[in-house]
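Below: one structure, written as structure tokens.
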Amino acid sequence: MKKRMTALLLVVCLIAAVLPTTVSAASTNQETIWNYLRAQGFSAAGVAGIMGNLEAESGYLPNNMEDTANQKSGFSDAQFTEGVDSGEITREEFISSDRFGVCTCNPTGSPTGQEYGYGLAQWTFTTRKAALYDFAKSRGVSIADLTMQLDFMIGEMSSSLKSYLKSATDVEDACVTFHNDYERSSATASMLTGRVNRAISVYNKYSGSTYVKPGTVHFPKVAVYTQGQFTDVSASEWYTGSVASAVEFGLMKGNSPSTFNPNGDVTIAEAITMAARIHSIYTTGGESFVQKSGQAWYQVYLDYAYQNGIISQSDYTCDVNQKITRAKFAAIFAKALPEKALVTKNTVADAKIPDVPMSATYAAAVYQLYRAGILSGSDEAGSFYPQNTIRRAEAAAVVSRMADSDNRVAVSLP
């Protein structure tokens with residue numbers, strides 16, 4: 001009876017040796033890889049970017065053999081790995097082999113046959129697989145050892161890539177950057193999107209927070225806009241959507257219950273009021289300005305803007321009832337949101353805006369808002385007309401883009 005039990009256990013062990021790694025093992029590996037990479041100093045976004053690629057390549061299974069190589073050879077992942085570890089599959093066959101290979105991915109480096117992917121990152125090129133094989137042997141561990149493969153991956157990364165991944169905050173960019181710099185596969189655009197989605201899922205699972213793309217701004221809607229509520233804003237005007245958004249975000253109101261006055265000029269006080277509301281909503285989630293008795297309607301907004309660095313002393317003490325220039329408007333609104341909420345959307349080279357010299361005091365603000373997709377110019381040349389006044393319709397466009405990054409526009413200057 002004892003001999004029969006021993007034989008049965010041997011059979012079970014042999015069966016287990018050839019079965020593919022289970023889903024639970026993949027899940028365990030996922031957490032192990034996250035912790036390993038975080039311990040290397042990579043940011044949460046950087047780690048997620050790496051892992052989105054590893055999941056697409058191997059499902060976090062370090063013994064993963066390219067599927068088409070499995071099919072061609074008849075070897076399971078476990079059988080192949082055992083063969084490599086035992087020496088039955090030679091170093092040369094591991095590097096490239098007509099028995100297992102499925103592609104000539106590196107035409108100048110395949111002296112013994114076709115290539116095929118293996119491991120966490122599906123290493124394929126002969127030089128990289130030779131280095132992986134030698135690295136495993138130097139460690140005295142299995143070719144499928146998880147820590148060994150992670151150490152090897154880190155060693156292969158360029159110093160610039162490692163530096164970037166340690167400070168990365170954008171999961172999407174980290175995922176694409178790792179792919180282009182390290183993986184260098186032939187992934188299509190849709191495949192890259194799949195990797196990004198995997199990376200975001202990893203980030204949400206392990207980082208302790210839900211991923212929000214840097215620069216993404218979505219203010220809550222606090223009012224309802226009904227088309228036709230302003231008799232001077234028809235459905236066909238270019239600014240109609242912006243007026244609706246500005247009202248819904250609570251950043252602008254009509255100048256009467258039934259009119260918006262889209263062509264009316266904006267005053268300094270009105271501009272500062274809108275900028276203060278934007279800053280408050282972004283930083284606190286809402287705005288609750290309480291006017292003190294006897295003060296001008298705008299004083300609480302001026303005080304807030306001054307205290308929070310949105311305006312300077314000269315803005316605070318000037319006649320705020322005068323019309324604001326477009327230059328001054330840009331200077332104020334560039335400070336209403338932090339830089340991380342004004343990420344670059346457009347490439348606008350210095351000195352490219354025809355009427356905004358780089359020496360102008362307001363140039364930095366104008367260029368920042370063009371690049372963020374907040375401003376777009378007033379003609380085909382992209383002219384800004386800095387000394388002109390700004391109309392309420394134009395102000396509505398600016399504040400709607402500030403409050404919701406989905407409203408920001410593409411800018412291409414000739």
Side-chain angles (χ1 to χ4, degrees), residues 170 172 200 204 209-264 266-267 269-291 297-298 300-302 304-305 308 310 324 329-330 332-343 345-346 368-369 372-376 390-411:
D170 187 329
E172 298 174 49
I200 292 172
N204 291 343
S209 61
T210 301
Y211 175 66
V212 177
K213 184 174 176 62
T216 299
V217 180
H218 295 298
F219 279 17
K221 292 184 177 181
V222 297
V224 176
Y225 178 84
T226 303
Q227 183 58 48
Q229 73 181 65
F230 296 134
T231 58
D232 53 359
V233 178
S234 70
S236 60
E237 294 292 348
W238 69 266
Y239 51 76
T240 301
S242 296
V243 170
S245 293
V247 171
E248 290 172 338
F249 292 134
L251 299 173
M252 295 184 76
K253 299 178 181 179
N255 67 331
S256 79
S258 61
T259 59
F260 184 77
N261 191 23
N263 293 314
V266 176
T267 67
E270 290 169 337
I272 293 173
T273 296
M274 288 183 276
R277 286 173 176 160
I278 287 172
H279 185 278
S280 178
I281 294 170
Y282 181 84
T283 55
T284 70
E287 54 109 345
S288 56
F289 294 96
V290 179
Q291 196 66 262
W297 69 266
Y298 50 75
V300 65
Y301 301 106
L302 263 64
Y304 177 93
N308 287 278
I310 300 172
I324 193 169
F329 188 90
I332 291 173
F333 275 80
K335 294 181 179 180
L337 288 177
E339 286 191 18
K340 65 181 180 180
L342 294 172
V343 296
K345 177 183 178 71
N346 305 300
Q368 182 180 31
L369 296 179
I374 306 295
L375 296 175
S376 59
I390 186 165
R391 296 180 300 151
R392 282 171 55 81
E394 295 166 329
V398 170
V399 300
S400 71
R401 295 166 189 168
M402 296 280 280
D404 190 337
S405 49
D406 289 345
N407 292 335
R408 296 180 186 180
V409 296
V411 175

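Numbering of residues begins at 1 and proceeds along the displayed sequence.
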Hey, is CD on E339 packed in by over 12 heavy atoms from elsewhere, all under 6.0 Å?
no

Under the 3.5 angstrom rule, does the side chain of T284 hit a backbone N or O of S280 as a donor-acceptor pair?
yes

In terms of heavy-atom contacts, does NZ of K253 have more than 12 from other residues, nucleotides or ligands at under 6.0 Å?
no

Compute whether any side-chain donor of one residue and acceptor of the other, for N261 and R392, lie under 3.5 angstrom apart.
no

T240 side chain to S234 main-chain N or O, any donor-acceptor pair under 3.5 Å?
yes

Would you compute the distance between atom CE of M274 and atom CZ of F329 and round it to the nearest 0.5 angstrom?
5.0 Å

Any donor and acceptor pair, going by atom type alone, linking the side chain of N308 with main-chain N or O of A336 inside 3.5 Å?
no

For D232, salt bridge (charged side-chain N to carboxylate O under 4.0 Å, His left out) partners two or more places apart:
none

Distance-minimising heavy-atom pair for A330 and L375:
CB-CD1, 4.4 Å

Start with the C-alpha distance between H218 and V212, add both sets of side-chain angles, then the distance that settles side-chain contact (heavy atoms from CB on, under 4.5 Å), and finish with yes or no.
CA-CA 10 Å; H218 295 298; V212 177; over 6 Å; no

Which residues pass the side-chain hydrogen bond (donor to acceptor under 3.5 Å, both in side chains) test with Y211, not counting sequence neighbours?
D170

After noting the C-alpha distance and the side-chain angles of V411 and K345, does the key distance pass the side-chain contact (heavy atoms from CB on, under 4.5 Å) rule?
CA-CA 8 Å; V411 175; K345 177 183 178 71; over 6 Å; no

With side chains defined as the heavy atoms from C-beta onward, is the minimum distance between I324 and I332 less than 4.5 Å?
yes

Under the criterion side-chain hydrogen bond (donor to acceptor under 3.5 Å, both in side chains), which of E287, H279, R277 is the partner of Y304?
H279

Looking at every non-hydrogen atom in both residues, tell me the closest pair between S405 and G215 and how far apart they are.
CB-O, 3.8 Å

Side-chain heavy atoms of I272 within contact of I310, under 4.5 Å:
no

Residue pair V233, Y225: steps toward the side-chain contact (heavy atoms from CB on, under 4.5 Å) verdict:
CA-CA 12 Å; V233 178; Y225 178 84; 3.8 Å; yes

Residues in side-chain contact (heavy atoms from CB on, under 4.5 Å) with P338, at least two apart?
Y282, K340, A341

Distance-only donor-acceptor hits, side chain of residues 395-402, under 3.5 Å, sequence neighbours excluded:
unit_1, atom_1, unit_2, atom_2, d
S400, OG, A396, O, 3.2
S400, OG, A397, O, 3.0
R401, NH1, I374, O, 2.9

Keeping the roles fixed (side chain from T273, backbone from A269), state whether a donor-acceptor pair exists under 3.5 Å.
yes

Excluding sequence neighbours, so at least two apart, what forms side-chain hydrogen bond (donor to acceptor under 3.5 Å, both in side chains) with S256?
T259

Looking only at atom types and distance, does a side-chain atom of T226 sit under 3.5 Å from a main-chain N or O of Q229, one as donor and one as acceptor?
no

CD1 on I281 to CZ on F219, rounded to 0.5 Å
5.0 Å

What are the two closest non-hydrogen atoms of A334 and Q368, and how far apart are they?
CB-OE1, 3.7 Å

So CG of L342 and CZ of F333: to nearest 0.5 Å the spacing works out to 12.0 Å

Show me the donor-acceptor pairs within less than 3.5 Å that the side chains of residues 242-252 make with the rest of the protein, sequence neighbours left out.
unit_1, atom_1, unit_2, atom_2, d
S245, OG, G241, O, 3.2
E248, OE1, K221, NZ, 3.4

